[in-house]
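Taking it in order: structure first as C-alpha cells, then the write-up.
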Amino acid sequence: MNHSRPAALLWTRQVARDAFHQRFAEPYIARHARAGQFVHLLPGTRHLFRRALSVYATDAKAGTFDVLHQVLGEGTRCLSQLKKGQTVDALGPLGNQFPVPDSGRRAVLVGGGLGMAPLRLFALELNQKLPKRSPRKNALERTPILLLGARTGSLAIAPFELSGIGIRASWASDDGSRGFHGTVVALLADQIADGRILPEQSVVYGCGPEPMMAALANLCAQHQLPCWVSLERSMPCGYGVCMGCVIRSKTGTGYETFRRVCRDGPVFDSAQIVF
Amino acid sequence: MPKTTAPAPDLQVSIAGVTFATPIWTASGTAGTGEEIEQWCDPEKLGAMVTKSVSLKPRSGHPYPRTVETAGGMLNCIGLQNKGIEAFITDELPRLQRMPTRAVINIVGESIEEYVQLARRLNDVDGVDCLELNLSCPNVARGIDQGSDPMWVSQCVHDVRSATRLPLFVKTTPNTNDIVSLARAAADNGADAISAINTLVGMAINHNTFKPRLSNITGGLSGPAIKPVALAAVYKIARAVKIPVIGIGGIMTGTDAAEFLIAGASAVQVGTALFRNPTAPIQIAGELALYLRAKGIPRVSDLVGRLAV
C-alpha cells in the first residue's frame with residue numbers, strides 16, 4: 001500500500017517577490033518522481049487540503065526533492081514560512097509525466113513564470129536519459145531549446161544547473177526588460193518565423209498560466225506542431241477520487257467530457273483540451 | 001508473570017444480515033469506484049467501499065471550478081460525473097467483486113422509474129453487496145426537491161424495494177426541516193438502513209470579482225464543519241426508526257467515528273477526510289480500535305447508542 005510520508009525542509013530560498021525554492025528530504029519521492037509529476041503537500045494541521053506543486057528537482061542519492069512556488073494564499077504562505085527541519089506530510093509523486101520526443105524531434109520547452117519548474121527537470125532528464133550511442137543523431141533530442149517568459153525581468157527565475165550542461169534559456173518579458181519584448185509564446189512564434197525552430201522537427205512542452213497554455217496550444221495547432229501542456233488546477237485530493245480538478249476535453253463525451261488534471265494529467269496533448 | 005494484553009477489539013458489524021469487517025466505510029463520491037483507493041487502502045481493512053453515484057446514462061458533471069475550501073470544510077458541485085450503469089457494470093464491478101471488501105453501490109436517478117431500473121439491473125449481476133439510494137444530491141436539478149418530500153421518498157423506496165432483493169440503504173438529505181420524517185418514510189417502506197447525512201447546500205463568493213466560487217453557484221458543504229449537524233441528525237433518526245443508521249459528516253478521526261456510534265450509528269462513512277488523506281479510513285479504524293481498548297469496550301457494536309443522557 002502506498003501512503004503519505006513526512007518530508008523535512010532542508011532550506012528555503014526566496015528567488016523572486018513571493019516566490020520560493022524549497023528543498024525537502026524524502027527519499028521515496030526523490031527516487032520515483034519524474035518530470036511533469038507533482039507532490040501534494042499538507043502545509044499544516046489547520047489546513048484541510050494539500051497544495052499541489054510540480055517537482056522542480058530531485059536527487060535520488062541525497063534523497064531530496066525541490067519545489068518552486070509562489071505565495072498565493074494561506075497554504076503556500078504557511079509552506080514558505082516553514083523552518084529548517086520542520087516536516088510537511090507529502091503525497092507523491094502523483095500524476096503523469098512529460099513523454100519523451102519522438103525520434104528526430106527536438107524538445108522545445110516553453111515556460112511561463114514558475115511554470116519553468118517541471119520543464120527544468122525535464123530538460124535534465126532529456127539530457128541524461130536518452131541513449132547516447134549515436135551522439136550526432138541524438139544530440140538534437142538531448143539538448144532541448146528552452147524559452148522562458150516573465151512579466152518583467154525582476155520576476156525572471158533562472159532554472160538552476162542547466163547552463164552547466166549546455167542548456168541556455170532564451171528570455172521573453174512582457175515589458176521588454178529582459179530578452180525578447182513580448183510573451184514567451186510570441187517569442188516561440190518569432191523563432192518559428194525566422195526558421196530557428198522547425199515545426200516538423202520539434203515538439204513543444206509548455207507549462208505556465210492557463211491563458212498562456214491556450215495561446216501556446218493555438219500557435220502549435222497553426223503550425224501542426226505537437227504540443228504537450230502541463231496544467232494547473234485547485235486539487236482537493238490529487239489522486240483521482242474527488243473529480244474536482246477537471247478540464248474540458250475536446251474529444252471526450254459523456255463521462256469523459258471532463259478529465260481529471262491530477263490523474264489523467266497534469267500533462268495533456270494540447271489538441272485534446274478545450275481552454 | 002507475563003504481561004497480559006487485552007485482545008484487539010472486535011470491529012465487525014452486521015447490518016441487514018451483511019457483515020462488515022469494520023464500521024468505517026468510504027462515503028459515496030469520495031473514493032471513486034475503487035480503482036484509485038485500492039493503491040492506498042488495504043481493502044481487507046476497509047469496512048465497505050461505497051461507490052460514487054451511478055446513474056442510468058453517463059453524466060458529464062459540471063464545469064470547473066467544482067470545489068472550494070471553506071472554513072472547516074469544503075463545497076463541491078461535481079454534478080454526479082459518472083460513466084453510467086452499463087459501463088459501470090462492465091468496467092468497474094469486476095474489480096469491486098475482486099476486492100476483499102463489501103461493495104455498496106450508490107445509485108441516483110432522475111425519477112422513481114430510473115431508480116427502479118437501476119436497482120433491477122444491479123439485482124441481476126454478481127458482486128453487489130448492498131445498494132445505497134442517493135435521494136439527496138444537492139447538485140442536480142431535482143435532487144433535493146424529490147428527496148426532501150416524504151411522500152416521494154416513500155414511493156421511491158417502496159418501488160425500489162419491490163425491484164431488488166439486495167439490502168437497501170437510503171441516503172437522506174439534511175436540506176429539509178424534518179430529516180426524521182424522511183428516514184421514517186424510508187424505514188416504513190422497506191429500507192434496511194438510513195445513511196445520514198448528505199451535504200448541506202452552501203455557497204462561496206469571491207468578493208474581489210463578485211463571482212461565485214463554484215461553476216454551479218451553489219454546492220454541497222462537507223467536512224468537519226458539518227459534523228455537529230450530522231451528529232444531531234443521526235441521534236434523532238436513530239431514536240425514531242428501528243433500522244440501523246449509517247453516520248456521515250466530517251469524520252476525520254477515530255473519536256469522531258466513536259461519537260457517531262455513541263449517537264446511534266451502527267457504522268460510519270468517511271468522505272472529505274479521504275481528500276486530505278487517501279489512507280484515512282484505515283487510520284480512523286485503527287484509532288477507533290485504540291479508543292475501544294482504552295475504554296475497555298470489547299466490541300464496537302457495544303458502543304452503538306451509548307449516549308449518556
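None of the values given here were measured: they were computed from a predicted structure. Lettering of chains follows the sequences in order, A, B, ..., and the numbering in each one begins at 1.
- Contact of the B:Thr67 side chain with the A:Ser234 side chain is registered, since non-hydrogen atoms from C-beta on lie closer than 4.5 Å.
- Without hydrogens or angle criteria, B:Glu69 side chain to A:Leu48 main chain gives a donor-acceptor distance under 3.5 Å.
- Of all non-hydrogen atoms in A:Gly254 and B:Pro58, the two that sit nearest each other are CA-CB, 4.3 Å.
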**Item:** side-chain contact (heavy atoms from CB on, under 4.5 Å) between B:Thr272 and A:Phe49, worked out
**Value:** CA-CA 10 Å; B:Thr272 303; A:Phe49 293 137; 4.0 Å; yes
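- The closest donor-acceptor contact from the side chain of B:Arg66 to the backbone of A:Cys245 lies at 3.5 Å or more, if one exists at all.
- Remark: the backbone N or O of A:Val241 is not paired with any side-chain donor or acceptor of B:Glu36 at under 3.5 angstrom.
- The part of B:Lys52 that comes within reach of chain A is its side chain, from C-beta onward, which places non-hydrogen atoms under 4.5 angstrom from that chain.
- If you measure heavy-atom distances from B:Ile282 to chain A, you find no contacts under 4.5 Å at all.
- Only the side chain of B:Pro224 comes within contact range of chain A, judged by heavy atoms closer than 4.5 Å.
- Contacts between B:Thr279 and chain A at a heavy-atom distance below 4.5 Å involve the side chain alone, from C-beta outward.
- Among B:Pro63, B:Gly84, B:Ala273, the residue with the largest count of heavy-atom pairs under 4.5 Å with chain A is B:Pro63.
- The side-chain tip of A:Arg233 points at the ring of B:Tyr64 from less than 6.0 angstrom away and within 45° of straight on.
- Using a 4.5 Å cut-off between heavy atoms, B:Met74 contacts chain A through both its backbone and its side chain.
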Exercise answer: donor-acceptor pairs, residues 263-275 of chain A side-chain atoms, under 3.5 Å, sequence neighbours excluded:
residue: A:Asp264; atom: OD1; partner: A:Arg260; partner atom: NH2; Å: 3.3
residue: A:Asp264; atom: OD2; partner: A:Arg260; partner atom: N; Å: 2.7
residue: A:Asp264; atom: OD2; partner: A:Arg260; partner atom: NE; Å: 3.4
residue: A:Asp269; atom: OD1; partner: A:Ala271; partner atom: N; Å: 3.0
residue: A:Ser270; atom: OG; partner: A:Cys227; partner atom: O; Å: 3.3
residue: A:Gln272; atom: OE1; partner: A:Thr251; partner atom: OG1; Å: 2.9

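- Here the shortest heavy-atom pairing between A:Met1 and B:Asp42 reads SD-N, 3.4 Å.
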